[in-house]
Amino acid sequence: MSEVFISGIVVFVLAAFVGMEVISKVPPTLHTPLMSGANAISGITIVGALAGASYLGEGAAAKVLVFLAITTATINVVGGFLVTDRMLEMFKKKPVKRDG
Amino acid sequence: MSEVFISGIVVFVLAAFVGMEVISKVPPTLHTPLMSGANAISGITIVGALAGASYLGEGAAAKVLVFLAITTATINVVGGFLVTDRMLEMFKKKPVKRDG
Amino acid sequence: MVELLYMAAASLFIFGLKMLGSPRTARRGNMFAAAGMFLAIIVTLVNEEMLSWGMIVAGMVVGGAIGAVLALRVKMTAMPELVAAFNGFGGAASALVALAELDRNGAELPVEIAAVVAASLAVGSVTFSGSFIAFGKLQGALPGRPVALPGQHMINAVLAAAIIGLAVWGAAVGVVAPYWIIVAVALVLGVFGVLPIGGADMPVVISLLNSLSGVAASMAGFIIGNSALIIGGALVGAAGFILTVQMGEAMNRTLANVLFSGFGSAVAGAGELSDKPVNRATADDVAIALGYADSVIVVPGYGLAVAQAQHATRDLGLALEDKGVTVDYSIHPVAGRMPGHMNVLLAEADVPYEQLLDLDQSNPRFPQTDVVVIVGANDVVNPSARDDADSVIYGMPILEVDLARTVIVIKRSLSPGFAGIDNPLFYNENTMMFFSDGKAAMEDILKSVKSL
Amino acid sequence: MVELLYMAAASLFIFGLKMLGSPRTARRGNMFAAAGMFLAIIVTLVNEEMLSWGMIVAGMVVGGAIGAVLALRVKMTAMPELVAAFNGFGGAASALVALAELDRNGAELPVEIAAVVAASLAVGSVTFSGSFIAFGKLQGALPGRPVALPGQHMINAVLAAAIIGLAVWGAAVGVVAPYWIIVAVALVLGVFGVLPIGGADMPVVISLLNSLSGVAASMAGFIIGNSALIIGGALVGAAGFILTVQMGEAMNRTLANVLFSGFGSAVAGAGELSDKPVNRATADDVAIALGYADSVIVVPGYGLAVAQAQHATRDLGLALEDKGVTVDYSIHPVAGRMPGHMNVLLAEADVPYEQLLDLDQSNPRFPQTDVVVIVGANDVVNPSARDDADSVIYGMPILEVDLARTVIVIKRSLSPGFAGIDNPLFYNENTMMFFSDGKAAMEDILKSVKSL
């Protein structure tokens, strides 16, 4: 195994520990926005898609794959962060207008 | 900067996140054993001392340095884990003998 | 330098996730995470020699537009579908990245790279097809109840084994074909994996798919040797896994049980419905019970979301508060179709955060509560889980509403919940059944309360 | 493979630390961490071509024997000294590893390696000398009060700047000399850094030195490119840092203030002692107050440790419980000389975990408490921190014992605490002062209680 790959494993394990620790005490009320925010973070794969675009040759298949990868990842990223913000905005509303 | 060094930085940052998250909610009662256990873990530098012993040449200075490194690190490791265990054993004692 | 900037982006993800865990900081946390993503994208665009700007811009514009429209248009009741869909797109993106790398480098790979390519394709594809099956179930295009072929588990086990076999083939021989077959098999496995899972188990399924989309991204990170992907993916994978486990605990079931039991399939647990009489109530009866109570707790369930009754429910709550009644809302961890689903709906309707009680806060309160109103919930308030050791849901932590003085159940009919079992609560002396659609019921009760 | 085994060892550290955070699992957690260390050592011994077995065995036997004897012989009251000493050895080991690498490779190093060598030497040496100054203060060989040269802060700033200059020199010229000078300067800086810090601030200092010993190990890990050191060191560095911050918060002071204020130096805050009269009490007076109380809370401080009074205190507590009195113990976060110091002492004396109250649990109780007994605590119960905006300790969270019906203070004399300020509590109407050594006092009171 290459050094890069092994240090990748180390990084993976540590990041997984961080993920577990950070999440384990979140109140149920925030589970939906948390999940949708985490989902947006998993769109980081867009970086992989963009990197793929940097060494595109002439093959049509590669072009289609990379284009689809960029598109789907962007849906995930943009949609995920936006909808999370929309939800959290609702949570922030003050309990003012009691006259409904 | 070498790749190894950079991935070292990544590993360092992630491990620091883990350390912060893991500790931040510890009850005050356990602060002393926690600190003494953590202290024993910092004795991991013994691995560096042992590695140093593997390529010792003839220089007397190097020998002295490595010997001292192994000795001090071992004090830290052995003493740290033992005393932590001793403390925690006391915490485990059941509140039975109420007749003092 | 690039690596360190990626690390900074990953740190923003970590801070963002952490802040998402607390109501005060959650919104800023989401922005931190988004800033991390922005940083990672910029770094990538600057660093790589981008030869195909046209494609990049096109992909990001199309994807961004679709994502934004979906995010801004979606009804809060449809949030589980949307999150499922986004999960699916994320999984697809990771699999596509792996395919593109395969196309570029060919299939003669070091064994560990071959393994992560196969893993990325398999996990990404399962996430994609599984998420869209979940989407279909949640949206109503597919039946919510468990759907399974005979011997479904065996079929799925064979498919999973086939994927492993194909991965070994790919690694050993170094040809591209097995990888494409992995994609096909994994897509089928995703479909077959989610179809047999009932609607009530969706919170677990969505959490798990969320976790898998992270794992897929992380595997893609190993392929291209990018630590931002590895870290970001691992964070989400681990966080989703923790949530999945918590949801399982909230149902007193293991993950394997949720995934493989076909729980609530009509055959397994239907039992007989009791033919004992129930106390039928009218809107006026309910209004009188509520209007003269000191304390009322509302227990919402998925039926509330289906009926879009969250605003009507809150209007009733406000009217009761005007009459001096204390109103709170008890939310079971797996109420609805994703973790926290009910909280989002009630927040949308401006119910203040402090009135939302979780399981641990609720149960000590019921014995001192005058009236509990159940809207569209069933299994999570079924006392069999506590009393009947033979029940399939025995041991599941429930909201013990039967300890309140009076219980009002708003429901279309006596049909059982997703667990497919009868609910003794409905036949209790102190239970009143109001058969109606949730939203209409709330509006009728509100009218009656106002005329008290 | 080696790397993965190191990662496994690091994972054991993480699980171990996590388990150390909860009473039920703490002991197993320590064993997990020790198992991780064992694994890391074995992996290293197997992996490297060990040419000097004699030296390795000698070093480990000598070090192990010293460590074991210290760990098994130490009195619980001397725990802060011991942890300080172990910290010091850890820092020394990291600096020695860096020196050995320097000796082997020479000083012509890539700039980033030169930087971590300098950091490892500086942090390790500061940790070593600072820890042994703290040890001397705690043990009584050095004065506990702040000791400082005129212009000490300026001197220390110059020393720190000199270290940075030396590091630049070393990196630029590539000779060994500056690194050795760094060690010398850092040793002096450690001495000068800790000497001006008063005994009451030791919990912060010990936490900080603990954190630094982790940082030094992590830096050593960068030098030899070993992830076990990097991870283990970073874990401890971060954990120690969090504890340091928490201790600072418990005193309402910033880290900089603790380190640089010379807080409690006699000059700064002595003020005048009030010449108001106090209520002197005898052992019999105290015994009557305690014996006829319904609820008693004992507040221990460093004086309890100095007097070795933990067992006598617990005996008195048991005697009171036999008379039907409820007895609890309130522990301020910075009571004693290291975080959690008092908890360890009371645990040693078999006081059950449930009777140990922290700050947040204690304060709501005092107004309903009949008698509070203060043994060897002073500043942490000083109401000036709450009432007197001019006090140097104003804003520090205190145990509000003055709200209890009766307060009994056991103390050798009216001398002020480490903050060097008078304590208005002593002159209150409802305060009884019993001037005596802590242990003798407890034994006398016990005798009187038994004869009630």
Side-chain angles (χ1 to χ4, degrees), chain B residues 1 4-5 8 11-12 15-16 18-20 22-24 26 28-32 34-39 41-45 47-54 56 61-62 65-85 87-88 90-91 93 95 100, chain D residues 13 17-18 20-21 26-27 30 33-34 40 44 48 50 52 55-56 59-60 62-64 66-68 70-71 83 86 89-90 92-94 96-97 99-100 103 112 210 213-214 217 220 222 224-225 228-232 234-236 238-239 242 315 318 333 339-340 343-344 347-348 352 358:
Chain B
M1 263 187 259
V4 173
F5 195 85
V11 165
F12 177 83
V18 175
M20 282 195 247
V22 164
I23 294 311
S24 55
V26 173
T29 300
L30 288 174
H31 277 164
T32 294
L34 177 77
M35 176 168 289
S36 123
N39 177 242
I41 291 176
S42 77
I44 182 67
T45 202
V47 164
L50 292 174
S54 72
L56 264 187
L65 291 171
V66 168
F67 175 75
L68 287 177
I70 294 177
T71 308
T72 49
T74 309
I75 294 176
N76 191 5
V77 168
V78 173
F81 285 121
L82 275 184
V83 82
T84 308
D85 189 63
M87 270 188 273
L88 290 170
M90 295 179 335
F91 277 98
K93 271 185 196 149
Chain D
F13 292 161
L17 268 183
K18 204 171 149 58
L20 271 168
R27 203 171 174 200
N30 187 52
T44 311
E48 311 273 355
M50 289 299 169
S52 341
M55 171 188 292
I56 290 172
M60 293 186 79
V62 172
I66 297 176
L70 289 175
V83 171
F86 285 159
F89 286 123
S94 297
L96 287 163
V97 167
L99 284 176
D103 184 77
E112 73 268 20
N210 191 30
S213 77
F222 277 97
I224 62 172
L229 267 73
I230 296 178
I231 298 173
L235 286 173
V236 178
I242 293 288
D315 289 343
L318 288 179
N343 303 77
V344 173
E348 186 200 7
D358 66 20

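So you know, we letter chains A, B, ... as the sequences are listed, proteins then strands, and number each from 1. The structure displayed is predicted, hence computed values, not measured ones.
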Max heavy-atom pairs within cutoff under 4.5 Å with chain D, candidates Ile23(B), Val47(B), Val18(B), goes to Val47(B)

Answer key: most heavy-atom pairs under 4.5 Å with chain B among Pro339(D), Ala238(D), Ala100(D) is Pro339(D)

Given 3.5 Å as the limit, does a donor-acceptor pair link the side chain of Asn30(D) with the main chain of Leu20(D), or not? no

Please rank Val83(B), Val4(B), Val11(B) by heavy-atom pairs under 4.5 Å with chain D and give me the top one. Val83(B)

Checking side-chain contact (heavy atoms from CB on, under 4.5 Å) for the pair Phe86(D)/Leu70(D): CA distance, chi angles, key distance, verdict? CA-CA 10 Å; Phe86(D) 285 159; Leu70(D) 289 175; 4.0 Å; yes

Output the distance between atom OG (Ser36(B)) and atom CD1 (Ile41(B)), rounded to the nearest 0.5 Å. 10.0 Å

Can you say whether Asp103(D) sits under 4.5 Å from chain B via the side chain, the backbone, both, or neither, judging by heavy atoms? side chain

Could you pull out all residues at least two apart from Val78(B) that satisfy side-chain contact (heavy atoms from CB on, under 4.5 Å)? Thr74(B), Leu82(B), Ala68(D)

Using 0.5 Å steps for rounding, measure from the OG1 atom of Thr44(D) to the CD1 atom of Ile44(B). 7.0 Å

Could you have a look at Asp358(D), Leu99(D), Val344(D) and say which one has the most heavy-atom pairs with chain B under 4.5 angstrom? Val344(D)

Check for a donor-acceptor pair, side chain of Thr45(B) on one end and backbone N or O of Ala217(D) on the other, with a separation under 3.5 Å. no

How many angstroms lie between atom CE of Met90(B) and atom CZ of Arg27(D), to the nearest 0.5 angstrom? 11.0 Å

Output the option from Ala93(D), Ala92(D), Gly64(D) having the highest count of non-hydrogen pairs under 4.5 Å with chain B. Ala93(D)

Look at Ala69(B), Ala73(B), Gly37(B) and state which one has the largest set of heavy-atom pairs under 4.5 Å with chain D. Ala69(B)

Can you tell which part of Ile231(D) gets under 4.5 Å to a heavy atom of chain B, answering side chain, backbone, both or neither? both

So which residue, Thr71(B), Leu68(B), Val26(B), ends up with the most heavy-atom pairs under 4.5 Å with chain D? Thr71(B)

Which bit of Ala220(D) is near chain B, if near means a heavy-atom gap under 4.5 Å: side chain, backbone, both or neither? side chain

What residue, out of Leu34(B), Asn39(B), Thr84(B), Asn76(B), has the most heavy-atom pairs lying under 4.5 Å from chain D? Asn39(B)

What verdict does the side-chain contact (heavy atoms from CB on, under 4.5 Å) test give for Leu30(B) and Leu88(B), after you've listed the backbone C-alpha separation in whole Å, the side-chain angles of each residue and the deciding distance to 0.1 Å? CA-CA 9 Å; Leu30(B) 288 174; Leu88(B) 290 170; 4.2 Å; yes

Phe89(D): partners by ring-ring contact (aromatic ring centres under 6.0 Å, His included), with sequence neighbours left out: Phe132(D)

Turns out that what part of Val77(B) lies under 4.5 Å from chain D's heavy atoms comes down to side chain

Portion of Leu17(D) that has a non-hydrogen atom of chain B nearer than 4.5 angstrom: both

Using a 4.5 angstrom heavy-atom cutoff, name the option from Asp85(B), Val66(B), Val22(B) with the most pairs to chain D. Asp85(B)

